[in-house]
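Some notes on the structure that comes next.
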Amino acid sequence: MPLTHTVGSITVTALLDGAGPFFQPRVEAFPDATREQWREADRRDPDTVNPDGRWWLRFRAFALRTGDGPVTLVDAGIGPADALAASWAPVPGRLPAELTAAGIDPAEVRTVVLTHLHTDHIGWAGPLFPNADHLVQRAELAALELFHPELPARLLGPLRAAGRLRVVDGDTTITPGVRVLSTPGHTPGHQSVLVDDGDDRLLVTGDLLVHTLQLLDPTLAYAHEENPTQARTTRQSLLRTLAPVTLATPHLGHPFTPHPLPSPARADPR
């Protein structure tokens, strides 16, 4: 059964589409991380490193639902065997089965928020969710040259033709307690989703945060950020502003991670 986290009356369900090793050595993905930072990250999040020392990457989507009402889905995983991510991700994904296990009919999904247009976040978007608007930042669409060349024909064109591509500029409220936040840097139009019930908050991060290293040190750049300086500024500012907050993360070992992280356990001096 997929893991859940509740914020007020909203249930957030973590849906695991797949998992597999990253396509390059992880020290190349975070070239500025120190040995001490790697040791601490692995201690805190051991499920993200395999016995060979490779980054074990999870690919998640998150379903947001109040009661038995309509569903907002954040990201759409790696997709089926012929998905655009097939050249590097462990397709086929299992998102349809995860939705079933969570008691969600894809027809109940009314909004799909695509945090960005990298192939491991859009895999099941489109036909699987026939009643859903798909929400993308205008700045992301303005930078299509950065993404898979088949993206317009395979996804964006059909969504636009069906009237199911919703283009937004900046922060946008989706439903009561659920708001899209513009979080650029990883890509020009990257967005995250904040679920807010007063002092109880959860941030679905997308790739604003991809590894526990960036919780230990938010200044650490990820090699596949389009604008590392902007990504760093966005990450530092948002995490500082929202803390304490629960982070719903596509790629960390556990889908729901507190921020700030608990202090490391200290030995009893007696």
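For clarity, every value in this text was computed on a predicted model and none was experimentally measured.
- The side-chain contact (heavy atoms from CB on, under 4.5 Å) with Leu239 is formed by just one residue from the set Leu209, Leu215, Thr205; it is Leu215.
- Both Leu247 and Leu238 belong to a common hydrophobic cluster when Ile, Leu, Val, Met, Phe, Trp and Tyr are linked at side-chain heavy-atom distances under 4.5 angstrom.
- Annotation for Gly189 and Ala139: closest pair CA-CB, 4.0 Å, computed over non-hydrogen atoms.
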Please walk me through it: do Leu208 and Leu203 pass side-chain contact (heavy atoms from CB on, under 4.5 Å)? CA-CA 10 Å; Leu208 175 73; Leu203 181 70; 4.2 Å; yes
For the pair Phe59 and Trp88, evaluate ring-ring contact (aromatic ring centres under 6.0 Å, His included) and give the outcome as yes or no after the intermediate values. CA-CA 12 Å; Phe59 302 89; Trp88 69 276; 5.8 Å; yes
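- The two residues Ala89 and Ile78 make their nearest non-hydrogen contact at CB-CG2, 3.8 Å.
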From CA spacing to verdict: side chain to side chain donor-acceptor pair (under 3.5 Å), Ser192, Thr183: CA-CA 6 Å; Ser192 303; Thr183 51; 3.0 Å; yes
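- Contact annotation: the side chain of Val193 never approaches that of Leu181 to less than 4.5 Å [non-hydrogen atoms, C-beta and beyond].
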Determine whether His118 and Phe147 satisfy the following criterion, ring-ring contact (aromatic ring centres under 6.0 Å, His included), listing intermediate values before the conclusion. CA-CA 6 Å; His118 284 159; Phe147 306 112; 5.6 Å; yes
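- Contact of the Pro255 side chain with the Arg60 side chain is registered, since non-hydrogen atoms from C-beta on lie closer than 4.5 Å.
- A donor-acceptor pair under 3.5 Å is absent between the side-chain atoms of Thr66 and the main chain of Gly69, judged by distance alone.
- With hydrogens and angles ignored, the 3.5 Å screen pairs a side-chain donor or acceptor of Thr241 with a backbone N or O of Ser237.
- In this structure, Phe30 and Val210 have side chains that are in contact, with non-hydrogen atoms separated by less than 4.5 Å.
- Annotation: Asp105, atom CG; neighbour count of heavy atoms from other residues, nucleotides and ligands within 6.0 Å is above 12.
- Side-chain contact check for Leu15 versus Pro2: some heavy-atom pair is nearer than 4.5 Å.
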Please lay out, stage by stage, how Thr115 and Asp75 fare under the test side chain to side chain donor-acceptor pair (under 3.5 Å). CA-CA 6 Å; Thr115 61; Asp75 281 336; 2.9 Å; yes
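- Using a 4.0 Å cut-off between a side-chain N of Lys or Arg and a carboxylate O of Asp or Glu, Arg201 and Asp196 do not qualify as a salt bridge.
- Under the 4.5 Å side-chain contact rule for hydrophobic residues, Leu213 and Phe22 share a cluster.
- Trp55 and Phe23 have their aromatic ring centers separated by at least 6.0 angstrom.
- Taking 4.5 Å as the limit, some side-chain heavy atom of Val27 sits within range of a side-chain heavy atom of Trp38.
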Apply side-chain contact (heavy atoms from CB on, under 4.5 Å) to Leu165 and Leu156, showing your working. CA-CA 7 Å; Leu165 182 64; Leu156 300 176; 4.2 Å; yes
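- For Thr119 (side chain) and Leu117 (main-chain N/O), no donor-acceptor pair under 3.5 Å exists by modelled atom type.
- Panel note: side chain Asp17, backbone Leu95; a donor-acceptor pair is recorded below 3.5 Å.
- With hydrophobic clusters built from ILVMFWY side chains whose heavy atoms lie under 4.5 angstrom apart, Leu73 does not share a cluster with Ile174.
- The backbone N or O of Asp200 lies less than 3.5 Å from no partner atom in the side chain of Asp197, so there is not a single donor-acceptor pair.
- Connection of Phe62 to Leu135 is established within a shared hydrophobic cluster, with ILVMFWY side chains joined at heavy-atom distances below 4.5 Å, either directly or through further cluster members.
- Judged by distance alone, the side chain of Gln230 and the main-chain N or O of Asn227 form no donor-acceptor pair under 3.5 Å.
- For Glu108 and Arg65, the salt-bridge test passes: some basic side-chain N is under 4.0 Å from an acidic carboxylate O.
- Clustering ILVMFWY residues whenever any of their side-chain heavy atoms sit less than 4.5 angstrom apart, transitively, puts Leu159 in the very cluster that holds Val112.
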Determine, step by step, whether His211 and Thr48 satisfy the side-chain contact (heavy atoms from CB on, under 4.5 Å) criterion, reporting the C-alpha distance in whole Å, the side-chain angles of both residues, the deciding distance to 0.1 Å, and the verdict. CA-CA 8 Å; His211 196 282; Thr48 56; 3.9 Å; yes
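- Contact check on Arg235 versus Asp207 returns no salt bridge, with no Lys/Arg side-chain nitrogen under 4.0 Å from an Asp/Glu carboxylate oxygen.
- For Glu40 and Arg35, the salt-bridge test fails: no basic side-chain N is under 4.0 Å from an acidic carboxylate O.
- The closest side-chain heavy-atom distance from His186 to His116 is below 4.5 Å.
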Determine whether Val168 and Gln137 satisfy the following criterion, side-chain contact (heavy atoms from CB on, under 4.5 Å), listing intermediate values before the conclusion. CA-CA 5 Å; Val168 298; Gln137 290 284 329; 3.4 Å; yes
Would you check, one step at a time, whether the test salt bridge (charged side-chain N to carboxylate O under 4.0 Å, His left out) holds for Arg26 with Asp42? CA-CA 12 Å; Arg26 63 183 192 160; Asp42 290 345; 2.7 Å; yes
Show the numbers, then the answer: is there a side chain to side chain donor-acceptor pair (under 3.5 Å) between Thr187 and Glu140? CA-CA 7 Å; Thr187 61; Glu140 196 79 342; 2.9 Å; yes
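- In this structure, His254 has its ring center at least 6.0 angstrom away from the ring center of His5.
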Quick one: do Gln37 and Asp217 satisfy side chain to side chain donor-acceptor pair (under 3.5 Å)? Show the steps, please. CA-CA 8 Å; Gln37 287 172 323; Asp217 183 356; 3.2 Å; yes
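- By the 4.5 Å heavy-atom criterion applied to side chains, Pro188 and Leu146 are counted as neighbours.
- The shortest distance between side-chain heavy atoms of Val113 and Val180 falls below 4.5 Å.
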